[in-house]
There are 2 protein chains.
Amino acid sequence: MATANANAKGARKKEVKKETGLGLTYKKNENFGEWYSEVVVNSEMIEYYDISGCYILRPWTMTIWEVLQTFFDAEIKKMNIKNAYFPLFVTESVLQREKDHIEGFAPEVAWVTKSGQSELEVPIAIRPTSETVMYPYFSKWIRGHRDLPLKLNQWCNVVRWEFSHPTPFIRSREFLWQEGHTAFATQAEADQEVLEILELYRKIYEEFLAIPVVKGRKSELEKFAGGYYTTSVEAFIPNTGRGIQGATSHCLGQNFAKMFQINFENDKGVKAMVWQNSWAYSTRTIGVMVMVHGDDKGLVLPPKVASVQVIVIPVPFKDANTDAIFSACSSTVQALREAGFRAEADLRDNYSPGWKYSHWEMKGVPLRIEIGPKDLANNQVRVVRRDNGAKSDIPMGNLVEKVKEILSSIQECLFNAAKQKRDACIKIVNTWDEFIAALNDKKMILAPWCDEEEVEKDVKARTKGELGAAKSLCTPFDQPRLPEGTLCFASGKPAKKWTYWGRSY
Amino acid sequence: MATANANAKGARKKEVKKETGLGLTYKKNENFGEWYSEVVVNSEMIEYYDISGCYILRPWTMTIWEVLQTFFDAEIKKMNIKNAYFPLFVTESVLQREKDHIEGFAPEVAWVTKSGQSELEVPIAIRPTSETVMYPYFSKWIRGHRDLPLKLNQWCNVVRWEFSHPTPFIRSREFLWQEGHTAFATQAEADQEVLEILELYRKIYEEFLAIPVVKGRKSELEKFAGGYYTTSVEAFIPNTGRGIQGATSHCLGQNFAKMFQINFENDKGVKAMVWQNSWAYSTRTIGVMVMVHGDDKGLVLPPKVASVQVIVIPVPFKDANTDAIFSACSSTVQALREAGFRAEADLRDNYSPGWKYSHWEMKGVPLRIEIGPKDLANNQVRVVRRDNGAKSDIPMGNLVEKVKEILSSIQECLFNAAKQKRDACIKIVNTWDEFIAALNDKKMILAPWCDEEEVEKDVKARTKGELGAAKSLCTPFDQPRLPEGTLCFASGKPAKKWTYWGRSY
């Protein structure tokens, strides 16, 4: 189970395609799963690894991760949150201190039992998340109200040894993330931070990755194991009709504080328990980006996160002055770089311009600049947008200004297109029959709900099947009006709120 | 062995000291080991963890790590080295592909054998380093000379389950590092990169951490398991008389290329094997810094890496205008921050100025600014250097300029003082008797050597004992003249080179 697996076959097929340079075998609308695996490999974001569920993140991925990291890290530092690094390992006894929490993670925990040839005296867990790793030390460090708030974050890897459908970025046994862990004297402070962080997650999706998300609160059944309440940003993949949890910001309440005895003397000299939050986003963000924007030519990168925003390609003709064309390409790149763009020229002499177009389209570069003899003569360049294929000529004199405009237009158009597609999938239903019809129609369903845990369990049970059960995605903060007397779509009891439902990743 | 341990007792003792705020129990010159553990805990760099050999890196540590990371990451990007991320896990069969390599690491490898309640079909190793994780994919990605050079780096955690004397930063079971892995068409390119990277490591030690290092080559016995040759920067800890390997830049030659079949078609259409390097520095750097610069008041941070370069402390007297003093502190901090310094004010009202002095001295802040009524009246501030305790008054008008001068002087003085101490430990010997005398005298010994592996083994055997055997540290690139007829200090055979020897970490 741990070694070579079904992925390898797909990977080998892709390898052949990659070498022929002919693009993708699968179409996004026809074989979404195969298309996705092919795009992440052929764009050189991912390499399949010989342990199932583990993937190699190649430089084309890591640059995107670093852009998001640079943004988020600076933002949380402004909030006076400090980075720390806690160990990868946690003992069984500490891991099990919070009952609901460990129940949520137990089946996925990887255990180290041996070092070299020796058996360890007790098995040691690899962190699936770090609440139990950190909180015994919160208890030690927090004594008085002056030690609060305590606000830490770490950038690290975590391991969840899942067995269901590993998918690059989306569901992998090891992934990279940041996890923030904070403790406050009051619930009000904790509540406020939950939302501040959630807003940063919205920005990551909407402003960087150009993906619309819904901010909301998870149901009791779907909230973080051991937490008080969970907020999330929820994205949606129209092709599969599945919601996907984009990132979560949890208020843990005082539950962990109780289990780990995180107490402090408040400003009145009275002993009190802290209020805690934890929040995380992971490399999953990048998978959602691939799924939402990619097309049948490959990856489509939003300019704000693209490693290469502009690729400059010489288009020499026989008899034309090749040197002059190549040199115009280099000076174009230089001008763009000086203006702060991430630009590169592809001056390789063993590939045709056409091959290069396909190659960089596969890799999702937002803007292509072509320079041929005619362009040279007219002191202009030809630009081609990756998102919609639109071509235009721009005079060299306006290069920087125009490129800036176009990249910003691409960023905006990607978001708008994604939002239009997502919105077209939203379906408001009031009855169970409408709900089932919408579910079969791959919709993101907004329905009035009684907010009872048993009812959600019942919805899951009644929709069980090959595609997976439906569940609540979130109760959006932005609530439509709920007319008096509205009944729950599932139970027929009085509805308390509008909640999104659907199948999900 | 894995759970609570001897460290806990020390940690509890330190905890009490920390709360009284009275400084350190141990003196650097008297109980170096205890002093070190106490400094890293009391300065809030490290918290001991409940798994032996694992440590929590607190924000005071992580800021230093981030400064080094920002420098190094930018430098390697200039060299066109790209970041990637490979999995934490490696299968047994791949790990064992290179015989010498696995022999070097086998006793320290941690094995995952269980997930949830299930036994894995085959145990999976946690990377002790990533040569075997990466190179099967190098083999896949490299086909022709145009795929070369391939230059990757990753920032990650690695695990080496050592059982001998865990020490925070210096020898821990999990640590953070960068590992670079590159492949070239020719040895000349590989050789050149080895030295370019080594020069960056020298800068990390000498220009950032203010620690003198010796650049040189490791002996056959001490080189990287499976590699061709190893270069390193070697530091020295005068208090213990031990050398410490600061960072290593290895040329792997074609050995891994052979084992992992990393071949390419060169520009003449002939099949050839790549030349490879790997290189790494780790959080050990920070431990060396603590050991070299720390004193009996605590940590001493070089300004270039300090989280807080200047701490501003109000010194109110009764009857004095406290508000005006506090406000002068805040505006001083603001002026310094605007000028690009990392400055903070300690305006807490529940600690005395004296307590604050000790606290920030313990944390190693390079420069303290005190502002009292007299300073306010004279429109000046009192500055106190952490490195030598020197005090001076500087007019507010010259604040930024003077602080800049002083910080730069502190950085320089720390290096010079460390170099003077290190140089005083260097002892040139020619005979075995001199060697043993110098070893007992805790020297870093420079001796003429025949460069034979059996002789080094013999030196180790003959110096075995409670303090550990002596070994070669490195053969410095900067070689003194070796007069003709010079004999090896250990074997009496003709000497080939000058080599550093000593006990080491």
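Naming convention: chains lettered A, B, ... in sequence-line order (proteins, then strands); numbering from 1 in each chain. Values below: every heavy atom of this structure, side chains too, minus hydrogens, waters and symmetry copies.
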Task: A:E44 side chain to B:W141 side chain, donor-acceptor N/O pair below 3.5 angstrom - done: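 No - no donor-acceptor pair under 3.5 Å links their side chains.
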- [ ] Nearest 0.5 Å please: distance from the OG1 atom of A:T91 over to the CD1 atom of B:I51.
- [x]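 One gets 5.5 Å once the value is rounded to the nearest 0.5 Å.
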Taking the side chain as C-beta and beyond, is there a heavy-atom pair between [X] and [Y] under 4.5 Å?
{"X": "B:Y85", "Y": "A:T61", "value": "no"}
{"X": "A:V112", "Y": "B:T113", "value": "no"}
{"X": "A:W111", "Y": "B:L120", "value": "no"}
{"X": "B:K82", "Y": "A:R58", "value": "no"}
{"X": "B:P59", "Y": "A:N83", "value": "no"}

Open item on the list: Using side-chain contact (heavy atoms from CB on, under 4.5 Å), reason through B:W161 and A:I124 one step at a time and then give a plain yes or no.
Closed with: CA-CA 12 Å; B:W161 206 265; A:I124 290 179; 3.7 Å; yes
- [ ] Count the heavy atoms of every other residue, nucleotide or ligand shown that sit under 6.0 Å from CD of A:Q69, and state whether that count exceeds 12.
- [x]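 Enclosed.
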Side chain, backbone, both or neither: which part of [X] has an atom under 4.5 Å from a heavy atom of chain B?
{"X": "A:K151", "value": "neither"}
{"X": "A:R146", "value": "side chain"}
{"X": "A:V133", "value": "both"}
{"X": "A:V94", "value": "side chain"}
{"X": "A:Y137", "value": "side chain"}
{"X": "A:P87", "value": "both"}
{"X": "A:E66", "value": "side chain"}
{"X": "A:A110", "value": "both"}

TODO: Heavy-atom pairs under 4.5 Å with chain A are the metric here; pick the option from B:I126, B:V109, B:L57, B:V90 that has the most.
DONE: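 Most heavy-atom pairs within the cutoff with chain A belong to B:L57.
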Open item on the list: Is the distance between the ring centroids of B:Y49 and A:F86 under 6.0 Å?
Closed with: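 No, the ring centres sit 6.0 Å or more apart.
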Open item on the list: I'd like to know if the side chain of B:E174 and the backbone of A:L88 have a donor-acceptor N/O pair within less than 3.5 Å.
Closed with: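 Side chain of B:E174 to backbone of A:L88: a pair is present.
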